[in-house]
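First the structure, in the form of structure tokens, and then the observations on it.
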Amino acid sequence: ALSAQRPLGIRRSLGFGRHLSGTPSLKTLGNRLLKCLGTSSDNKAEDIQGKIASTKRVETGKGAAFDPGNPWTVPNFKASKRTFQCLGYDEVYEGESPAISADGLVKGASLHISHWNGHRTPEQLYSDLSTEIALRFIKTPASRQEKWDTAVVVNNHFDTDGVCSAYILLKPDMGWKYRRILVDAAAVGDFDEWPRMDVNALKLHGAIMAIGEAGSSDAEKYELVLGRMDSLLRDLDSYKDVWGGYMDEIDQGLQNLQTLKSEIYNVYADNGIGVVIMHKDMPEIPGPVLHREFGFSVDRYLLIRNERPNTDKFRYKYLMNGHGWAPTVQRYNLKKPYVEKLMLRLKEFTGVKWVKAEGLTGLVQSEGVVDMDPEDVVEVFVESDSTLRTLAVLDRTLEAMDDPTKQSKDDDVLSGDKLKRAKKKVRY
């Protein structure tokens, strides 16, 4: 890979020339690299440190400047002196020590470790989940500076991503050791995803939420859960009575989906939409089970419930993939269509009123029963959603062209040939 990516002159000076015989040692490669950089052998270390120190590494995040420190420093996950405090949703932090806002957006915090819309998380730390951002933070030398090592970790709501990100900041050594299950559990909780690295993350998410239910406030929930996180991570199976109820729901969802798949055309994907046609009394399929079935091959789910067996009477619920509500960088950043126009189009086609669906990822749902073949309705969703998503982007582009001050860094505006191609995709 090194040979393929470097100019010929540098490759030969590193020992990857055409007439190379044998493989050079790491020490030899290092000396040759120093020679390419113009560094004398007498003061190698000093010159390298000078080059590193002179390189500008401080980047501007979304409203917050953060210096992570020397990137070549080996991470040291020592015990932290940080403490935790849960505030009310609209409460402002006014403590003397600097605060690190983990997951939630707490006013008065000096640093955001958050993926929520409106965050000021430094760009070099940002990731799709607050738990991942916290892991990136504890790897930086800056996290061990007195300012941040004695900071107060704050949040204003209780969920699995909030718990996992706060736990990592409070106990970096344990957080790093169990990073895979913590990241997966956060993805289960926030994005309704099936775990990618550790299936036990389903159990951890279920245990966190079950333990939290005993608290009468978010502050009590955090106190209960954070106090048991060490034990949960070390011996999760001993908490079967805690996470068992949630895993029963997951198992039932898997069985129900398998039953539906045995029936023709009840579970299928159509142009990026995962379609599931359920029986009337069947519980809604859990989000992680849907993600396990469709993965990232779809970015929308259309859940259809048959109100009367052997008839074309159905109710519909349309929602985005689980991560659709968050600004993401690893996962595809999903765009909402014009929901109001989509509701009008569906009402015009079905003769039934449509309303906004609940939840962070909800788009629309039918208010009444639709007496129509589901295939015809699915076709309207496929055509209308694609057009209205493109139209929404076009309108934001034109608005930004008229007034550039209205364009934010995250706006999905188009220019040049991309704008021309997008216009052709819209069917008015």
Point to revise | Aromatic ring proximity, centroids under 6.0 angstrom, H323 and Y332 | key: no

Practice item. Only counting residues at least two apart or in another chain, list the ones meeting ring-ring contact (aromatic ring centres under 6.0 Å, His included) with F381. Key: Y318, W354

Practice item. Sequence neighbours left out, what pairs pass side-chain hydrogen bond (donor to acceptor under 3.5 Å, both in side chains) with at least one residue falling in residues 267-277? Key: none

Check your understanding: What pairs with F314 under ring-ring contact (aromatic ring centres under 6.0 Å, His included), at least two apart in sequence or on another chain?
Key -> none

Revision key, fill the gap. ring-ring contact (aromatic ring centres under 6.0 Å, His included) filter on F84, not counting sequence neighbours, yields Y222

Check your understanding: Is K221 salt-bridged to E213, cutoff N-O under 4.0 Å?
Key -> no

Point to revise | Those residues that, when tested against K280, pass side-chain contact (heavy atoms from CB on, under 4.5 Å) (two or more places apart) | key: E307

Study note, to complete from the structure: Of all heavy-atom pairs linking K356 and M343, the shortest is N-SD, 3.6 Å

Check your understanding: Sequence neighbours excluded, which residues qualify as side-chain contact (heavy atoms from CB on, under 4.5 Å) partners of D198?
Key -> I181, D184, N200

Exercise for review: Kindly write out the residues that satisfy side chain to side chain donor-acceptor pair (under 3.5 Å) with T131, not counting sequence neighbours, or none if the list is empty.
Suggested key: D161

**Study point:** Distance-only donor-acceptor check, side chains Y178 and D173, under 3.5 Å
**Key:** no

Review point. For Q330 and E132, what are the C-alpha separation, side-chain angles and deciding distance, and is it a side chain to side chain contact (heavy atoms under 4.5 Å, CB included)?
Key: CA-CA 11 Å; Q330 277 89 24; E132 293 172 327; 4.1 Å; yes

Residues 242-250 side chain polar contacts: donor-acceptor under 3.5 Å, at least two apart:
unit_1 : atom_1 : unit_2 : atom_2 : d
W243   : NE1    : L236   : O      : 2.9
W243   : NE1    : Y239   : O      : 3.3

List, one per line, each side-chain donor-acceptor pair under 3.5 Å for residues 188-196, sequence neighbours excluded.
unit_1 : atom_1 : unit_2 : atom_2 : d
D190   : OD2    : H115   : NE2    : 2.9
E193   : OE1    : R331   : NH2    : 3.1
E193   : OE2    : R331   : NE     : 2.6

Check your understanding: Which residues satisfy the side-chain contact (heavy atoms from CB on, under 4.5 Å) test with T259, sequence neighbours excluded?
Key -> E263

Point to revise | Qualifying side-chain hydrogen bond (donor to acceptor under 3.5 Å, both in side chains) pairs, either residue in residues 81-98, two or more places apart | key: S80-R82

**Study point:** By side-chain contact (heavy atoms from CB on, under 4.5 Å) - contacts of T361 (at least two apart)
**Key:** L319, M320, W325

